[in-house]
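Counting begins at 1 with the first residue of the sequence.
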Amino acid sequence: MSTLFYRRFNLVWPAIHSVREIIHHYLKQMKISNDDIDNTGLVLTEYLSNLIRHSEGEDGVMTLVIDNINGGVSLTIIDNTQFFEELAKSDKTQREEVINDGVLREGGMGLALINHYFPSYHYFKKGEQNHFCLTLYSSSDRTKVVLIEDELATLKLIENYLSEAYDVYAFDCEYKAQSFLSKHEVDLLLIDLNLNQMIATKFIEQINRYQHLSNIGIIVMSIDSAIETIKETVSVGIDDYVVKPLKKESILLICERVLRRKQDAGRRTCNSSDNDSIQLDESYSINTFGSALNTRSGDFVLSYTHKDSNDHFLFMVDVMGHGEAAASTANELKGFIFGLVKNTTDFSKLINDLNDAVVNGICINKDKIFTLLAFKLSHNKIEYINIGQPSFILIDKYSGEIKLFDNTQPIIGLNSSYSYQPDRIELPSPFYLLCFTDGLHENMDKFATADEFILDKLQRLDVQSIEFPTQLWQKCLPELTKEIDDSTLLVLNKA
């Protein structure tokens, strides 16, 4: 047994999001089935939610350990909260008696749920710490590779090279390969540069739309060794370029190197910051949940306070697309907006300057599309500009009244003559302002609008609860394997 991951967390609500991201990455890497991944996400979310409630105000901590075992993976949560005898019962019949005795037991930590999905779990005390352990087994131990080559002899040769180490799906037709890739999760793609109907760069651009392939390794093969060809090919986001003819030892080494690099990048992503709470001043605070916390996402949230005027600016941005390409654009855009907002308190000028920069290709490429929701908070007033984002929601904490604001303006970068002007809101006090990217509802219900989705979740929540922002986020969580990288919730809280 070897340890794949070991990290300590404070028992706070953002930890749930971090743990979900981490287990998703490692369980996919270890070839655990989607059903088992979803069940694990459900059970650990419930378990951690209860740990946090029991530890609140007590400086609770937990440690997540992921071990590689023969044929699968072992997950262990180690914590220092109260020990619960109900959860520790080792006999399934004894657990059923506790579940069915009619007594509501919060100390049971969702015992019925855990017992249903993982009847072989272990919960025990060791020293002063509790251990909760789940074991999952791989559906396949082999890495999946798609090979696309229109020259049949070469296709068979490379397939034979790779089949000793990987599960290889070989195609001499790029359209059949694309159909397969659209439906399956694959670790590595080897593709010939010049195919019968399509050049590889065009093919790669098309499959980059598939979120489930956002971490796929891509190797392009070609007889063309010209530097200009290599530069043009690399620009679409590939991991390696190899020149034919290929030797067995060389291609296996290159595949191993690309796969290892992808795994290391995933580990770095899983260790990113999980801080989602910012106190703007004594009355305003913001909580961010979801993809905007992930450095490999096209979503981001940016806040800035001008010290002289005490005006707060808040931006939620969603760059269209997925994976590394969207994340790269988001990083460029975030830096540019930060530079603009530092130098002005004129809200309208700021957005119009951003539009001019995009139109003229100064900050990002003109073909990059993004939506944006921006606020200026000052002296109990809010100005806002909504550019292509879903409606946002204002909740009066005292009365419970809910208002939707759906005014939107044209996408930035499409019209150099358009003048962006902010709208204004009369504010109750105290209130919640809820903003969300469209991925939040698309993960769970593609047939509902974003505001319909959120309004449905609000019906079952208490806005007076201090846990309201986190409870809303948890209601919006999809099955773990359906999460995509443009799902963000932002809650602005006015005390």
Side-chain angles (χ1 to χ4, degrees), residues 201-202 204-211 213-215 218 231-239 265 268-269 272-273 288 290-304 313-344 346-376 384-390 408-422 435-439 484-488 490:
T201 51
K202 182 67 174 177
I204 292 164
E205 288 174 350
Q206 292 183 5
I207 68 165
N208 279 340
R209 297 175 300 176
Y210 303 139
Q211 171 54 24
L213 300 178
S214 62
N215 200 42
I218 301 176
K231 285 183 178 179
E232 183 179 346
T233 306
V234 167
S235 68
V236 300
I238 68 169
D239 297 281
R268 288 194 296 272
T269 298
S272 60
S273 170
T288 305
S291 301
L293 302 177
N294 190 329
T295 57
R296 290 185 60 251
S297 169
D299 291 2
F300 68 85
V301 170
L302 173 65
S303 64
Y304 185 82
F313 285 83
L314 180 60
F315 301 85
M316 186 174 74
V317 179
D318 179 4
V319 175
M320 298 297 101
H322 303 291
E324 298 290 354
S328 177
T329 300
N331 285 332
E332 294 175 23
L333 194 58
K334 187 175 184 179
F336 193 83
I337 292 174
F338 184 74
L340 289 176
V341 75
K342 280 178 62 178
N343 293 299
T344 184
D346 186 328
F347 194 24
S348 179
K349 181 179 186 305
L350 190 157
I351 300 299
N352 283 294
D353 284 351
L354 176 61
N355 184 54
D356 289 342
V358 175
V359 167
N360 293 302
I362 295 172
C363 59
I364 59 172
N365 291 337
K366 289 190 288 185
D367 61 340
K368 301 296 184 183
I369 303 297
F370 63 93
T371 58
L372 177 148
L373 184 54
F375 297 94
K376 179 181 179 181
Y384 75 91
I385 294 177
N386 188 350
I387 301 173
Q389 291 273 18
T408 61
Q409 300 189 48
I411 295 295
I412 280 180
L414 301 183
N415 187 341
S416 60
S417 62
Y418 184 82
S419 178
Y420 291 91
Q421 299 298 326
C435 313
F436 33 87
T437 57
D438 51 13
I484 59 176
D485 70 353
D486 58 355
S487 175
T488 294
L490 184 150

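- In this view, Gln389 satisfies the side chain to side chain donor-acceptor pair (under 3.5 Å) rule with no residue, not counting sequence neighbours.
- In this structure the side chain of Tyr420 reaches within 4.5 angstrom of the side chain of Asn355, judged on heavy atoms.
- The ring pair (Phe, Tyr, Trp, His ring centres under 6.0 Å) search around Tyr304 returns His306, Phe338, not counting sequence neighbours.
- The salt bridge (charged side-chain N to carboxylate O under 4.0 Å, His left out) check on Lys334 picks up nothing, with sequence neighbours excluded.
- In this structure Asn343 satisfies the side-chain contact (heavy atoms from CB on, under 4.5 Å) test with no other residue, sequence neighbours excluded.
- Residues Ile364 and Phe336 form no side-chain contact, since every pair of their non-hydrogen atoms from C-beta on lies 4.5 Å or further apart.
- Applying the ring pair (Phe, Tyr, Trp, His ring centres under 6.0 Å) criterion to Phe375, with sequence neighbours excluded, gives Phe392.
- Considering only residues two or more places apart in sequence or on other chains, Asn352 meets the side chain to side chain donor-acceptor pair (under 3.5 Å) condition with Ser348.
- Atom CD of Glu232 is surrounded by 12 or fewer heavy atoms from other residues, nucleotides or ligands within 6.0 Å.
- Applying the side-chain contact (heavy atoms from CB on, under 4.5 Å) criterion to Ala374, with sequence neighbours excluded, gives Phe315, Phe347, Ile351, Leu372.
- Looking at residues two or more places apart in sequence or on another chain, you find a side-chain contact (heavy atoms from CB on, under 4.5 Å) between Thr201 and Ile199, Thr233, Val236.
- With rounding to the nearest 0.5 angstrom, the CD1 atom of Ile204 is 5.0 Å from the CD1 atom of Ile218.
- In this structure, CG in Leu350 is found 13.0 Å from NZ in Lys342, a value given to the nearest 0.5 Å.
- Considering only heavy atoms from C-beta on, Asn415 stays 4.5 Å or farther from Pro410 through its side chain.
- Side-chain contact check for Leu314 versus Leu490: some heavy-atom pair is nearer than 4.5 Å.
- One finds the CG atom of Asp356 at 9.0 Å from the NZ atom of Lys349 (value rounded to the nearest 0.5 Å).
- Put simply, the side chain of Ser291 never gets that close to the backbone of Ser297: no donor and acceptor are under 3.5 Å apart.
- Side-chain contact check for Val317 versus Ile337: some heavy-atom pair is nearer than 4.5 Å.
- Remark: Gln206 engages Gln178 in a side chain to side chain donor-acceptor pair (under 3.5 Å) (not counting sequence neighbours).
- With rounding to the nearest 0.5 Å, the separation of NZ in Lys376 from CD1 in Ile385 is 10.5 Å.
- Evaluation of the side chain to side chain donor-acceptor pair (under 3.5 Å) rule for Ser416 yields no partner, not counting sequence neighbours.
- Counting only heavy atoms from C-beta outward, the side chains of Asp318 and Leu373 never approach each other to under 4.5 Å.
- Side chain of Thr488 to backbone of Thr437: no donor-acceptor contact under 3.5 angstrom is found.
- Evaluated for a side-chain contact (heavy atoms from CB on, under 4.5 Å) with Phe370, the options Asp299, Ile387, Val358 yield exactly one hit, Val358.
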